[in-house]
Protein chains: 2
Amino acid sequence: MSKIEDKCQQKGVRLTEQRRLIAKVMSQSSDHPDVDELHKRISKIDEKVSIATVYRTVKLFEESGIIEKHDFKGGKARYEQAPDIHHDHLIDVNTGEIVEFINEEIEKLQNEVAAKLGYKLVDHRLELYGIKTKKN
Amino acid sequence: MSKIEDKCQQKGVRLTEQRRLIAKVMSQSSDHPDVDELHKRISKIDEKVSIATVYRTVKLFEESGIIEKHDFKGGKARYEQAPDIHHDHLIDVNTGEIVEFINEEIEKLQNEVAAKLGYKLVDHRLELYGIKTKKN
DNA sequence: ATAATTGCAAATGCTTTGCTTGTGA
DNA sequence: TCACAAGCAAAGCATTTGCAATTAT
C-alpha cells in the first residue's frame with residue numbers, strides 16, 4: 001500500500017479503484033506533475049479514468065492534507081506528495097526543472113516579519129526562479 | 001502627468017486616451033487592484049473603456065516594467081505601480097488586506113540559496129499569509 | 001498616411017459541476 | 001443498502017484574441 005493510500009485510511013477518505021490508482025501514481029512521482037500529466041500517467045494503466053476524477057481526487061487529497069498543491073508562475077497547478085518536513089522550491093526558468101530546498105533561517109525570518117507587522121503566519125509561499133550558473 | 005505616463009514616454013509606449021486614463025487610475029491606487037476593480041474605477045471616469053483594453057494595457061505596462069503583476073493565492077491577478085525599491089507582501093487571510101514589507105536579510109539568503117544550488121536568481125516570489133494578532 | 005489600438009464578441013485554457021449510473025463499506 | 005463516487009458533457013471564470021472600425025504620430 002502506498003503512503004498516500006495509508007493516509008487516506010487515517011483521514012477517513014474512502015478508497016475507490018480510481019483513487020487507489022491516482023494515489024499510486026502520485027506516490028511513484030518524484031517530480032511535480034500537473035493534472036494533465038497525472039492523467040496521462042494514469043491512463044497508461046487504466047485509460048477509463050476521467051480527467052474530472054483526477055481533478056476531484058487531487059482536490060480531495062489536497063484538502064485532506066495528503067498532497068500539496070503549487071501554483072508556480074505561468075500555468076497549471078502542480079502537485080506533490082505532502083512532505084514530512086516543509087520545503088520550498090527553486091524553478092529553473094529555462095528547463096522548468098524544480099529543485100526543492102530547505103532554509104530554516106528564512107523560515108524563522110518570515111515568522112519574525114509577520115510578528116513585527118502584527119500577524120501570525122498561517123501560510124507562506126517562497127519560490128525562487130533562476131538560471132543555471134555555468135560551471136567552468 | 002502621472003509617474004506611469006512618464007515611464008511610458010521613456011519606454012516608448014504609445015499613449016492613447018485609454019492608456020492615459022488607466023495610467024492615471026493606477027497611479028492614484030495605493031492598493032493592489034485586480035483588472036475588474038481597475039475597470040470599475042476607470043468606468044466611473046469613462047464608461048466606454050472596454051475591459052479587454054484594460055487587460056491589454058495592464059499586460060503591456062507589465063511587460064514594459066511599468067507596473068507589477070501579482071498572483072496571490074486564490075483568484076485574479078492584481079497590479080501595483082512598479083516600486084522603486086523591491087518589496088514583498090503579507091496578505092491578511094481574513095480581510096484580504098495587503099501589507100508591504102522589506103527584509104534585506106531574506107533577500108540575501110535567497111540569493112545564497114540559489115547560488116548554493118548552482119543557480120543565478122532571476123526572479124522570486126515571497127508571500128506571507130497571516131491573521132491579525134490580538135493586541136491586548 | 002498608416003501602423004497601432006480599440007471594442008466587441010467569440011474563443012481559450014484550466015478547473016468545476018449537474019446529472020445519471022455505478023460502487024465501496 | 002445507500003450515501004458517496006465516477007463519467008460525461010456542459011458550465012464557469014479569468015484572460016486572450018480575431019476582426020472591423022478608429023486613432024495617434
Side-chain angles (χ1 to χ4, degrees), chain A residues 1 4-26 32-43 45-64 66-79 96, chain B residues 1 4-5 8-26 32-43 45-64 66-79 96:
Chain A
M1 192 196 304
I4 293 177
E5 262 189 88
D6 226 11
K7 281 196 180 176
C8 284
Q9 302 238 282
Q10 290 171 38
K11 313 262 177 178
V13 170
R14 181 191 268 182
L15 276 167
T16 65
E17 198 186 325
Q18 291 87 333
R19 289 182 184 172
R20 251 183 264 273
L21 180 50
I22 295 167
K24 183 182 167 194
V25 171
M26 272 295 329
H32 302 68
D34 59 43
V35 169
D36 218 57
E37 175 59 29
L38 212 42
H39 185 238
K40 270 182 203 139
R41 294 180 192 177
I42 286 158
S43 296
I45 305 175
D46 180 353
E47 75 288 338
K48 289 180 306 305
V49 178
S50 81
I51 197 156
T53 295
V54 180
Y55 269 109
R56 275 192 275 238
T57 302
V58 121
K59 190 178 197 180
L60 172 70
F61 284 0
E62 199 230 330
E63 286 165 354
S64 307
I66 296 170
I67 66 175
E68 268 182 17
K69 178 185 185 182
H70 301 293
D71 288 285
F72 299 135
K73 292 197 182 191
K76 2 196 172 176
R78 308 179 61 162
Y79 295 87
Chain B
M1 192 197 304
I4 292 178
E5 262 189 86
C8 284
Q9 303 238 281
Q10 288 170 38
K11 312 262 178 178
V13 170
R14 181 192 266 184
L15 277 167
T16 65
E17 198 187 326
Q18 291 88 330
R19 289 182 185 173
R20 250 183 266 273
L21 180 50
I22 295 168
K24 183 182 166 193
V25 172
M26 273 294 330
H32 302 67
D34 58 43
V35 169
D36 218 55
E37 174 60 28
L38 211 43
H39 185 236
K40 270 182 203 140
R41 294 180 192 177
I42 287 159
S43 296
I45 306 174
D46 179 353
E47 75 288 340
K48 290 181 305 307
V49 177
S50 81
I51 197 156
T53 296
V54 180
Y55 269 109
R56 276 192 274 238
T57 302
V58 121
K59 188 177 197 181
L60 172 69
F61 283 0
E62 199 230 330
E63 287 167 352
S64 308
I66 295 170
I67 66 175
E68 268 184 17
K69 178 184 185 181
H70 300 295
D71 289 284
F72 299 135
K73 291 196 183 194
K76 2 195 172 176
R78 308 178 60 164
Y79 295 85

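Reminder, nothing fancy here: chain letters follow the sequence lines and each chain counts from 1.
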- Task: Rounded off to whole Å, could you give me the NE2-to-C1' distance for the B:His39 and C:dC8 pair?
- Result: 12 Å
- Message: Which residues pass the salt bridge (charged side-chain N to carboxylate O under 4.0 Å, His left out) test with A:Arg41, not counting sequence neighbours?
- Response: A:Asp31, A:Glu37
- Query: Of the non-hydrogen atoms in B:Gln18 and B:Val49, which two are nearest, and what is the gap between them?
  - Reply: CG-CG2, 4.0 Å
- Could you say whether B:Asp34 or A:Ser50 is positioned toward the 5' end of DNA chain D, judged by the nucleotide with the nearest heavy atom to each? A:Ser50
- Message: Please report the distance, rounded to the nearest Å, between CD in A:Glu62 and C1' in C:dT15.
- Response: 13 Å
- Give the rounded distance in Å between these two atoms: NZ of B:Lys40 and C1' of D:dA14. 14 Å
- Query: How bent is the helix from C:dA1-D:dT25 to C:dA25-D:dT1, comparing axes over its five end pairs at each side, to the nearest 10°?
  - Reply: 40°
- Least distance between heavy atoms, A:Leu15 atom then A:Arg20 atom: O-NH2, 3.6 Å
- Which residue lies toward the 5' end of DNA chain D, B:Val35 or A:Lys48, if each is placed at its nearest nucleotide? A:Lys48
- Whole Å only: how far is the CD atom of A:Glu47 from the P atom of D:dC8? 11 Å
- What is the distance from atom CD1 of A:Ile22 to atom OG1 of A:Thr53, rounded to the nearest 0.5 Å? 6.5 Å
- Evaluate side-chain contact (heavy atoms from CB on, under 4.5 Å) for B:Val58 paired with B:Leu38, printing each intermediate quantity in order. CA-CA 10 Å; B:Val58 121; B:Leu38 211 43; 3.7 Å; yes
- Rounded distance in Å - NZ (B:Lys76) to P (D:dG12): 16 Å
For nucleotides 17-25 of chain D, give me every protein contact, N/O to N/O, under 3.5 Å, one pair per line with atom names.
| unit_1 | atom_1 | unit_2 | atom_2 | d |
| --- | --- | --- | --- | --- |
| D:dG18 | O6 | B:Arg56 | NH1 | 3.4 |

- Quickly work out the B:Ile51 CD1 to C:dG7 C1' distance and round it to whole Å. 13 Å
- Message: Please determine whether the number of non-hydrogen atoms from other residues, nucleotides or ligands lying under 6.0 Å from atom NZ of A:Lys24 exceeds 12.
- Response: no
- pair A:Lys59-A:Lys69: side-chain heavy atoms closer than 4.5 Å: no
- Rounded to whole Å, the CG-C1' distance (A:Asp36 to C:dT12) equals 15 Å
- Please report, rounded to the nearest Å, how far the P atom of C:dG7 is from the CD1 atom of B:Ile42. 10 Å
- Donor-acceptor under 3.5 Å (B:Arg78 side chain, B:Pro33 main chain): no
- Message: Before you tell me yes or no, could you show the steps for B:Ile4 and B:Phe61 under side-chain contact (heavy atoms from CB on, under 4.5 Å), namely the whole-Å CA-CA distance, both residues' side-chain angles and the distance that decides it to 0.1 Å?
- Response: CA-CA 9 Å; B:Ile4 292 178; B:Phe61 283 0; 3.9 Å; yes
